[in-house]
Structures are given as structure tokens and as C-alpha cells.
Amino acid sequence: MTNIQGIAASSGIAIAKAYHLVTPDLTYTKTTIEDPSKEIERLDSALAISKQELEKIKAHTLKELGEEHAEIFSAHLLVLGDPELINPIKDKIQNENAMAEAALEETASMFIQMFESMDNEYMRERAADIRDVTKRVLAHLLGVSFPNPALIDEEVIVIAGDLTPSDTAQLNRQFVKGFATDIGGRTSHSAIMARSLEIPAVVGTKTVTTTVAKDDIVIIDGIDGNVIVNPSEADIKAYEEKQANFAKQQALWAELKDEPTLTSDGEQVELVANIGTPDDVIGVLNNGGEGVGLYRTEFLYMGKSELPTEDEQYEAYKSVLEQMGEKPVVVRTLDVGGDKELPYLDLPKELNPFLGFRAIRFCLENEHVFRPQLRALLRASVHGNLKIMFPMIATLEEFRKAKEILLDEKANLTKEGHQVSDSIEVGIMVEIPSTAVIAKQFAKEVDFFSIGTNDLIQYTMAADRMNEQVSYLYQPYHPAILNLVNNVIEAAHQEGKWAGMCGEMAGDPIAIPILLGLGLDEFSMSATSILPARTQLKGISKKDLASYKEQLLSMSTAEEVVAFIKEKTE
Ligand code: PEP
Ligand code: MG
């Protein structure tokens with residue numbers, strides 16, 4: 001047995017066979033070949049296997065996710081069967097004695113360059129299709145396996161260097177029992193997705209991809225952040241017991257599912273959930289969520305080959321609002337960029353994507369993307385209790401401009417005869433220090449704040465949230481963070497507004513008493529954290545915790561804060 005320590009990203013225990021989800025090494029040494037007809041046969045057979053795989057993936061995606069998502073694989077199949085691409089590859093083999101790998105890559109790269117330089121967005125998307133298909137065929141020519149997460153059809157633990165949000169979105173909850181990655185922290189999007197999918201996960205292990213071999217049996221302990229490789233019978237028994245105890249604990253928490261969230265001194269706070277798709281709503285309701293505090297709409301834009309239409313978005317927002325009934329639903333407008341890429345938008349590569357052209361910055365410059373989302377939201381507003389918030393707001397001008405576009409679309413829709421709710425609150429995420437510092441000025445203009453600590457911490461401490469090497473600096477309890485959070489809450493209350501938090505800190509058992517004492521009104525977290533949080537809040541007094549506020553805010557280190565709060569709440 002080998003034990004690898006990582007960061008507990010999503011609780012629970014899972015035991016299954018390892019499945020490596022890694023991009024294979026596609027390098028080769030270029031040579032010339034003797035027998036072109038044999039080489040063409042080799043190419044044909046790589047094309048045939050790729051075609052079979054893509055057809056399977058397409059059928060699977062169609063069944064699981066619908067036509068829209070399956071379209072991307074239809075496009076790949078078209079590329080694979082296109083004589084305009086395949087014939088020149090074969091000519092190159094025949095006439096230049098080129099090896100199939102080189103003939104394929106060189107021909108494909110000529111088409112990719114040609115399509116990429118075109119003005120037409122549709123053609124640029126074709127370049128991305130050719131690139132994807134080339135990689136798949138190349139892998140088969142080189143005899144290395146190409147990962148197809150959508151096709152997993154037995155119980156596995158996924159092992160990966162990192163999982164992008166779109167990789168995670170493709171994972172089939174039925175078969176993927178858990179995952180472990182080399183990089184990432186509790187607030188990387190793969191960890192966040194694991195919690196919404198309710199699958200145990202350990203991230204930031206540094207070595208899991210090199211330590212675990214194909215088909216090893218692996219235990220994921222998402223409670224304590226351990227990965228156990230090739231466990232003994234006794235280990236398996238011990239972890240099965242841990243799993244059973246965890247289930248018992250969950251049953252106890254579940255008793256509070258329909259109870260209001262009250263502290264020991266009878267104060268009520270709101271416990272709501274973060275979601276990524278309309279399918280997550282069921283988890284929110286099953287876990288006693290009192291609303292949705294953050295709907296990350298970017299997942300609607302991922303795993304596709306083009307932007308979702310206004311109608312498609314309307315259906316998704318309507319579905320969430322209807323399922324939640326009268327409960328509040330805070331929808332965040334598109335937060336693309338950072339680690340959330342959309343290949344079809346063809347955004348330029350940036351040196352510092354987290355400090356770059358993302359979220360509201362992108363939307364304000366791309367109204368053809370922003371306006372349809374706002375229209376879809378406004379149209380959906382009549383189906384529930386909608387609140388809209390803008391991400392990554394750094395200046396008041398950005399907020400004013402975004403709100404102006406929203407009001408403009410509202411007027412347009414009314415003119416067109418659509419009904420739009422008149423009571424939509426419009427707020428902002430506070431995730432950039434500049435905004436937290438002048439929260440007082442913002443509070444006069446916004447209806448609410450939602451503090452995005454995942455980013456606020458990384459920007460305040462200058463410590464990349466994805467980089468485990470600087471994770472020691474990623475300190476939620478650092479007095480600088482607590483002072484910024486306090487500033488935002490006080491500013492909101494002075495103007496009679498409410499302040500919530502939708503960063504992962506809101507569901508953290510050490511942070512919860514601190515935030516309660518600072519007067520946070522709404523705590524938005526992964527659905528599975530809601531019932532443990534409700535249980536915890538029942539046992540602590542808001543009045544007591546508020547009395548420590550000044551002391552906490554004037555502390556010098558995160559360590560001091562943690563020691564103090566532990567002593568006061570144990
Ligand atoms: C945040 O930054 O805290 C947040 C909730 O947004 P995201 O994690 O999607 O960046
Ligand atoms: Mg953020």
C-alpha cells in the first residue's frame with residue numbers, strides 16, 4: 001500500500017480501479033518510409049478506429065447531454081471523412097515517402113493555419129475541429145491510448161494531472177466514483193465541480209499520476225485528503241468502515257434538512273448553494289438549500305462548439321428558477337477566462353489569464369455575447385425569484401456600464417412585448433481588492449454584494465489559487481482578508497443592503513463562526529456543505545462571536561485567528 005497526501009476537495013470515500021486521464025505523448029521521430037501502400041493502410045486503420053470511437057462518443061453524448069453537445073463530435077466525424085483533408089495526406093505518403101504521422105500533421109497544420117486566419121468565425125471553429133481530430137488519429141498511429149472520459153463504462157477513480165472544468169463536465173457520475181489530481185487546491189474549479197457532482201476528490205497531490213499505475217486499485221479519502229494505492233484487505237475494510245460512519249453522520253445532518261438556519265441565540269442566517277448547471281438544483285433541494293447564491297453560468301457555454309443561443313439560455317435559467325420556486329436564485333453573468341476557456345471564442349493566449357481579459361471585462365467588450373445572456377435572464381425572471389450579479393467588478397464604471405446594458409435590454413424586451421419582473425435585484429461579486437476597499441461607494445449603487453473569496457484571496461495575497469506551491473499563502477483567515485470582508489459587510493449594512501459570500505470560505509467550518517460574528521447575511525456553498533453548516537450554526541451564538549470582532553480584526557496572523565476561534569468555539 002502507498003499513501004499519497006493531498007488536499008481534501010470533496011468529502012466521501014470511494015474505492016475503484018484507476019483510470020488515467022492524461023494527454024498522451026504524441027511526439028515521434030520523423031523518417032521516410034519504404035512502402036507507401038503499407039503506410040496508407042496504417043493511416044486507414046488509424047482513421048477507422050478514430051471514426052468508431054467518435055461515433056460511440058457522439059451516440060453517448062447525444063443520449064446523456066443532448067443534441068447540442070453531440071454536435072461537436074458530428075463536426076469531428078465530418079473532418080475525418082473529408083477527402084479534401086485525407087487525399088492530400090495520402091498523396092504526401094505516396095509521392096514523398098512521408099511517414100503517416102508526419103503527412104497527417106503537416107497537412108492538417110496547413111489547413112489549421114488557413115482556417116485560423118479567416119475572418120469567419122465558423123471557419124475558425126473548423127480549425128479547432130481539425131486540431132482535435134489530428135491528435136486522436138496521431139495517437140492511434142503511435143499506438144498510444146487517447147483518453148475518452150465520456151466513454152467510461154465501468155466504475156473507476158479518475159487520475160489526472162489536472163482536470164479542466166470542461167473535462168470535469170464530461171465525467172459520467174454513474175461510473176466515475178472519485179478523482180485525484182496532481183495540481184489544484186480546494187478552490188480550483190475541478191474541486192468545486194467535484195463537490196457539485198457529489199463525488200469524493202483529492203487534489204494537489206503532486207505525484208498521483210506518477211505513483212498510480214493503470215488499473216491499480218485506489219481509495220480516495222475525500223474527508224482527510226488521502227489517496228491509498230493498492231490497499232490491503234485490512235485497509236479496504238477500515239475505509240469501508242469510515243465510509244459507513246460518514247453515511248451515519250450524513251443521516252444525522254439530514255435531520256435538519258427542512259429546518260430554518262438558526263444560531264444558538266436564535267439569529268437566522270441564509271444558507272444557499274453554488275451550482276453550475278440546472279441538474280445541480282436537485283442536490284440543492286436534497287441538501288436543504290434555502291436558495292441558490294451563485295449559479296456559475298459559464299458551464300452553459302462549455303463543451304460546445306459555439307455560443308449557446310438566447311433561447312437555450314432562457315430554458316436553462318427558467319428551469320433553475322422554476323425548480324427553486326420562491327427561493328432566491330442569484331445568477332452570475334458569464335465569467336469566462338482565467339481557467340475557464342471557451343475554445344470557440346478563440347481568445348488570445350495571455351501571460352496572466354487570471355489578471356487578463358475575463359468575466360465582465362470580456363462581456364463589456366463583446367456585447368454580442370453579453371446582451372443575449374441578459375435578455376435570456378430578464379425573460380426568465382418571471383419564473384421565480386431572480387437576482388443578477390456581475391463578476392470581477394474592479395471599478396464603479398464597469399458596474400454602471402453593465403447595469404446600463406441590462407436596463408437597455410429590459411426596455412427592448414418590454415417594447416417587444418415580453419414580460420420582465422420589476423423586482424430583480426442587481427448586485428456584484430466582490431472578488432477584487434479595489435472593490436472591497438471602496439465597498440462604501442459601491443453600496444450606494446448596488447442592491448447586494450456577494451464576496452468571491454476564491455479570487456479575493458488570490459488577488460489580495462498575490463497567490464495563484466491553482467498553484468499548490470504557493471498554497472501556504474492562500475490564507476482565508478489572514479487578517480487582511482477578514483478586514484476586507486468586514487469592510488464589505490459594514491458598507492452593505494450602512495446602506496440597508498445585504499452581503500453574502502459565495503467563495504468556498506463560506507462553507508468552511510473554521511470561517512463560519514468568524515463570518516457569523518462579522519454579520520454576514522448569506523452563506524453560499526457547495527450543496528453538500530449546507531447541512532453540516534446548519535448543524536454547526538445551531539451550536540454557536542452570533543452575539544458571542546460578534547463580541548470578538550474587533551479583537552479578530554486587529555490580529556497579526558492567520559495562525560492567531562485560527563487558534564483564537566478554535567478556543568472560543570470548541
Ligand atoms: C470566487 O472567486 O470566489 C467565486 C465564487 O468565483 P469563481 O470560483 O467561479 O471564480
Ligand atoms: Mg471568481
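Since the structure is predicted, the reported quantities are computational estimates derived from the model, not experimental observations. Worth knowing before you read on, the calculation uses all heavy atoms, side chains too, and leaves out hydrogens, waters and symmetry mates. Ligands are counted one by one from 1 in listed order, and the atoms in each one are counted from 1 as well.
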message = As an exercise, identify every atom of ligand 1 less than 4.0 angstrom from a heavy atom of Arg296.
response = 4 (C), 5 (C), 6 (O), 7 (P), 8 (O), 9 (O)
ask   = Out of curiosity, Ile451 CD1 to Ser524 OG, how far, rounded to the nearest 0.5 Å?
value = 12.0 Å
request  = On the 0 to 90° scale, with breaks at 30° and 60°, tag the Trp253-Phe246 ring pair as parallel, tilted or perpendicular.
outcome  = perpendicular
Heavy-atom neighbours of Ile282 CD1 exceed 12 at 6.0 Å = no
key: Between Tyr548 and Phe564, ring centroids under 6.0 Å   = yes
query = Below 4.0 Å from any atom of ligand 1, is there a heavy atom belonging to Met429?
reply = yes
key: Minimum heavy-atom distance between Glu290 and Thr261, given as atom pair plus value   = OE1-OG1, 3.0 Å
message = Could you check whether Arg195 pairs with Asp280 (Lys NZ or Arg NE/NH1/NH2 to Asp/Glu carboxylate O, under 4.0 Å)?
response = no
Pro513 versus Pro509, closest heavy-atom pair with distance = CD-O, 3.1 Å
ask   = Relative to ligand 1, is Leu294 under 4.0 angstrom through side chain, backbone, both or neither, heavy atoms considered?
value = side chain
inquiry  = Heavy-atom pairs closer than 4.0 Å: do any link ligand 1 to the side chain of Arg332, the backbone, both, or neither?
reply    = side chain
query = Is there a heavy atom of Arg465 sitting under 4.0 angstrom from any atom of ligand 1?
reply = yes
query = Are any of the side-chain heavy atoms of Met392 and Phe362 separated by less than 4.5 Å?
reply = no
inquiry  = Within the 4.0 Å heavy-atom shell around Thr453, which atoms of ligand 1 are there?
reply    = 3 (O)
ask   = Against heavy atoms of Gly503, which atoms of ligand 1 measure under 4.0 Å?
value = 3 (O)
query = Is the count of non-hydrogen atoms from other residues, nucleotides or ligands lying under 6.0 Å from Gln469 atom CD greater than 12?
reply = no
inquiry  = What protein N/O/S atoms are there under 2.8 Å from the Mg ion (ligand 2), waters excluded?
reply    = Glu431 OE1, Asp455 OD2
request  = Without swapping roles, check the side chain of Arg375 against the backbone of Glu310 for a donor-acceptor pair under 3.5 Å.
outcome  = no
remark   = If we number the atoms of ligand 1 from 1 as shown, the ones under 4.0 Å from a heavy atom of Glu431 are 1 (C), 2 (O), 6 (O)
remark   = For atom 1 (C) of ligand 1, the closest protein heavy atom turns out to be Asn454 CB, 3.3 Å
task = Could you tell me whether Glu559 atom CD has more than 12 heavy atoms of other residues or ligands within 6.0 Å of it?
result = no
inquiry  = With nothing but distance in play, are any N or O atoms of Asp455 less than 3.5 Å from an N or O of ligand 1?
reply    = yes
request  = Taking only heavy atoms of Cys502 into account, list the atoms of ligand 1 that are under 4.0 Å away from them.
outcome  = 5 (C)
